[in-house]
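Keep in mind that what you see is a predicted model, and the values were worked out from it rather than measured. Quick note: residue numbers are just sequence positions, from 1.
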Amino acid sequence: MSDNNQWEERSATGKPMVPATPRDVVHIRAGSFILVFCFAMAVLGLIAHLPVLTGIAVVVAVVTVIDMVLAVRRQKRRNVGEAG
């Protein structure tokens, strides 16, 4: 927390400043979209009895979750920001 009891810093123009790297933000945001897509493909594969489609969706989802966890851990290591 800052001295004036605010959680976020503000720029000279008054916009909130978040101490996150753009790469990690993209990994987390894109990862969440990919997880929704993988869930839909896995359900579709189960309904259509296509185990290959379900398997591919599950593998992609697991890789995406690992990538998102690593991005969050990188942010936590910085000891600043929302994830820190």
To the closest 0.5 Å, what do you measure between OG1 (T64) and CD1 (I28)?
13.0 Å
In this structure, would V65 and V72 fall into the same cluster of hydrophobic residues linked by side-chain contacts under 4.5 Å?
yes
Hey, can you pull the donor-acceptor pairs under 3.5 Å for the side chains in residues 33-42, sequence neighbours left out?
none

According to the side-chain hydrogen bond (donor to acceptor under 3.5 Å, both in side chains) rule, which pairs have a member within residues 25-38, sequence neighbours left out?
H27-D67
When rounded to the nearest 0.5 angstrom, what is the spacing between CG in L50 and CG in L44?
7.0 Å
May I ask you to list the residues sharing a hydrophobic cluster with L46, side-chain cutoff 4.5 Å, ordered by chain and number?
none
